[in-house]
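All chains are named by letter (A, B, ...) in the order of the sequence lines, taking the proteins before the strands, and each is independently numbered beginning at 1.
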Amino acid sequence: MPDLAAPLIAWYPRIARDLPWRRPGFGAWGVLVSEFMLQQTPVTRVVPHLEAWLDRWPTPAALAADAPAEAVRQWANLGYPRRALWLHRAATEIRDRHDGVVPRDVEALLALTGIGDYTARAVAVFAYGDRHPVVDTNTRRVLARAVDGRSQPGPPNTRDLAAMTLLLPEDDTDAAIVNAAAMELGATVCTARSPRCQACPLADRCAWRAAGHPDTGDERRRQARYEGSDRQARGAVLKALRDAPDHGIRHDDVLTDWPDTLQRDRAIDSLIVDGLAEVSEGLLRLPS
DNA sequence: AATGCGTGGTT
DNA sequence: TAACCAAGCAT
């Protein structure tokens with residue numbers, strides 16, 4: 001396998017975007033919150049929300065002291081609002097099990113609600129500087145192309161972590177840079193649709209480029225249509241609840257103009273199942 | 001392990 | 001314009 005670490009380490013400091021969570025001393029809690037927000041939400045949408053969140057809740061204990069409803073409101077339109085609930089739950093777990101300090105061990109991080117393989121290692125590496133493989137969708141695409149010569153990554157699997165480990169230098173700091181650089185490369189140069197190989201530090205050793213950018217047929221599962229979907233209905237109901245008074249609103253007053261009443265009711269029920277809504281004294285509201 | 005889960009910008 | 005895409009996770 002070609003040496004990918006050296007060119008990434010040389011490239012990264014020149015082009016790395018100035019992002020809040022990359023500032024020295026940003027703090028583990030800030031990194032943790034940023035990673036929750038970045039799960040499937042683009043960087044540019046996250047930045048302002050992250051700063052507002054940390055201004056309001058500078059520590060896990062501060063967040064845990066407020067109701068989940070407040071987390072869901074503050075989450076606003078970031079999408080996938082279950083993440084707000086999970087982040088609140090994780091903050092509570094950090095307060096109760098870790099004395100309010102974001103854990104450093106990957107195993108302990110994995111045990112927190114809403115934290116999986118990616119986020120656990122991202123926190124351990126970017127907040128604490130430890131040496132672990134951090135593999136997100138960008139890194140998987142970079143490796144699929146540069147190493148395997150494929151146009152897109154397949155579905156995530158346990159071998160991804162082993163593949164990334166092979167690339168990491170021994171030094172902790174360098175390893176963290178390689179992790180960050182692979183993600184940055186995938187996000188800004190080796191993009192899914194129109195990669196800019198002229199700007200790529202790995203171009204001279206990329207298997208996919210050497211093979212002439214073949215379409216290797218690695219198609220993603222098609223994303224379901226959003227317009228008219230249950231997801232859209234859930235989003236609309238939740239927005240109504242965010243905008244409603246704390247004590248809630250009558251079931252029949254939720255989204256009165258929604259075209260499909262059955263779909264609206266289905267959305268309400270599923271939000272209750274997910275813990276994003278609750279019924280109290282006959283009124284529907286965000287979770288207390 | 002395949003599926004469901006928001007929202008908005010880009011092509 | 002419809003489809004694609006975006007620092008994943010839990011079930």
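- Criterion: ILVMFWY side-chain heavy atoms under 4.5 Å apart, direct or through other members. Under it, A/V134 and A/L166 are not part of a common hydrophobic cluster.
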Taking only Watson-Crick and G-U wobble pairs with both distances under 3.5 Å, what dot-bracket line describes DNA chain C, where [ ] shows pairs that cross earlier ones and | shows pairs with another strand?
.|||||.||||
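- Residue A/R17 is classed as a base contact, given a heavy-atom separation below 4.0 Å to a base.
- A single hydrophobic cluster is seen to contain both A/L112 and A/M37, as judged by linkage of ILVMFWY side chains at heavy-atom distances under 4.5 Å, directly or through other members.
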What do the steps show when you test A/W53 against A/Q74 for side-chain hydrogen bond (donor to acceptor under 3.5 Å, both in side chains), and what is the final call?
CA-CA 7 Å; A/W53 189 283; A/Q74 186 72 37; over 6 Å; no
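- Pairs passing the side-chain hydrogen bond (donor to acceptor under 3.5 Å, both in side chains) check and including a residue from residues 91-112 of chain A, sequence neighbours excluded, read A/E93-A/T113, A/R104-A/D130.
- In this structure, A/W21 atom CH2 and C/dA7 atom P are separated by 11 Å, rounded to whole Å.
- Straight-line distance from the OH atom of A/Y118 to the P atom of C/dA6: 14 Å, rounded to whole Å.
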Could you go through the side chain to side chain contact (heavy atoms under 4.5 Å, CB included) check for A/L161 and A/M164 one step at a time?
CA-CA 5 Å; A/L161 290 178; A/M164 189 61 189; 5.9 Å; no
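- Ion pairing between a basic and an acidic side chain is recognised when a charged N comes within 4.0 Å of a carboxylate O; A/D117 and A/R121 show such pairing.
- Rounded to an integer number of Å, the gap from CZ of A/R221 to C1' of C/dA6 is 16 Å.
- Within residues 74-97 of chain A, the residues that have a heavy atom under 4.0 Å from DNA chain C are, in order of number, A/W86.
- The 12-atom threshold is exceeded at CZ of A/R17, counting heavy atoms of other residues, nucleotides or ligands nearer than 6.0 Å.
- For A/R22 and A/D18, the salt-bridge test fails: no basic side-chain N is under 4.0 Å from an acidic carboxylate O.
- One hydrophobic cluster, built from ILVMFWY side chains closer than 4.5 Å, cannot hold both A/W86 and A/L238; they sit in different ones.
- Although no hydrogens or angles enter the test, the distance criterion places a donor-acceptor pair under 3.5 Å between the side chain of A/R242 and the main chain of A/A76.
- With hydrogens and angles disregarded, no donor-acceptor distance shorter than 3.5 Å links the side chain of A/T191 to the backbone of A/T188.
- Between the C1' atom of C/dG8 and the CG atom of A/L109 lies a distance of 15 Å, rounded to the nearest Å.
- By the 4.0 Å N-to-carboxylate-O rule, A/R73 lies close enough to A/D246 to be salt-bridged with it.
- Listed in residue order, the members of residues 25-55 of chain A having a heavy atom less than 4.0 Å from DNA chain B are A/Q40, A/T41, A/R45.
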Show your reasoning for whether side-chain hydrogen bond (donor to acceptor under 3.5 Å, both in side chains) applies to A/E35 and A/Y118.
CA-CA 9 Å; A/E35 295 299 348; A/Y118 165 73; 2.8 Å; yes
Any N/O pairs under 3.5 Å between the protein and nucleotides 2-5 of chain C? List them or say none.
from: C/dC4; atom 1: O2; to: A/R193; atom 2: NH2; distance (Å): 3.0
from: C/dC5; atom 1: N4; to: A/Q223; atom 2: OE1; distance (Å): 2.5

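- As rounded to the nearest Å, B/dG8 and C/dT1 have C1' atoms that lie 16 Å from one another.
- Taking atom CD1 of A/I115 as the reference point, atom P of C/dA10 lies 8 Å away to the nearest angstrom.
- Between A/L185 atom CG and C/dA7 atom C1' the separation is 14 Å, expressed in whole Å.
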Should A/T139 and A/V142 be marked as a side chain to side chain contact (heavy atoms under 4.5 Å, CB included) after you check the CA-CA gap, both sets of side-chain angles, and the distance that decides it?
CA-CA 5 Å; A/T139 295; A/V142 167; 5.6 Å; no
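- The phosphate of C/dA10 has neither OP1 nor OP2 within less than 4.0 Å of any side-chain N or O from A/T113.
- Under the 4.5 Å side-chain contact rule for hydrophobic residues, A/L85 and A/Y80 do not share a cluster.
- Using atom C1' as the reference point in both B/dA1 and C/dC9, the two lie 14 Å apart (nearest Å).
- Residues from residues 226-243 of chain A that place a heavy atom under 4.0 Å from any atom of DNA chain B, listed by number: A/Y226, A/R231, A/R234, A/G235, A/R242.
- Cluster annotation: A/F126 and A/L50 are assigned to the same hydrophobic cluster (Ile/Leu/Val/Met/Phe/Trp/Tyr, side-chain heavy-atom contacts under 4.5 Å, transitive).
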Step by step, would you call A/D243 with A/K239 a salt bridge (charged side-chain N to carboxylate O under 4.0 Å, His left out)?
CA-CA 6 Å; A/D243 296 341; A/K239 173 166 171 43; 2.9 Å; yes
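- Residue whose closest nucleotide on DNA chain C sits further toward the 5' end, between A/T191 and A/A120: A/T191.
- With both ends at atom P, the span from C/dA7 to B/dT3 equals 23 Å, rounded to whole Å.
- When the C1' atom is compared between C/dC5 and B/dC5, the two are found 16 Å apart, to the nearest whole Å.
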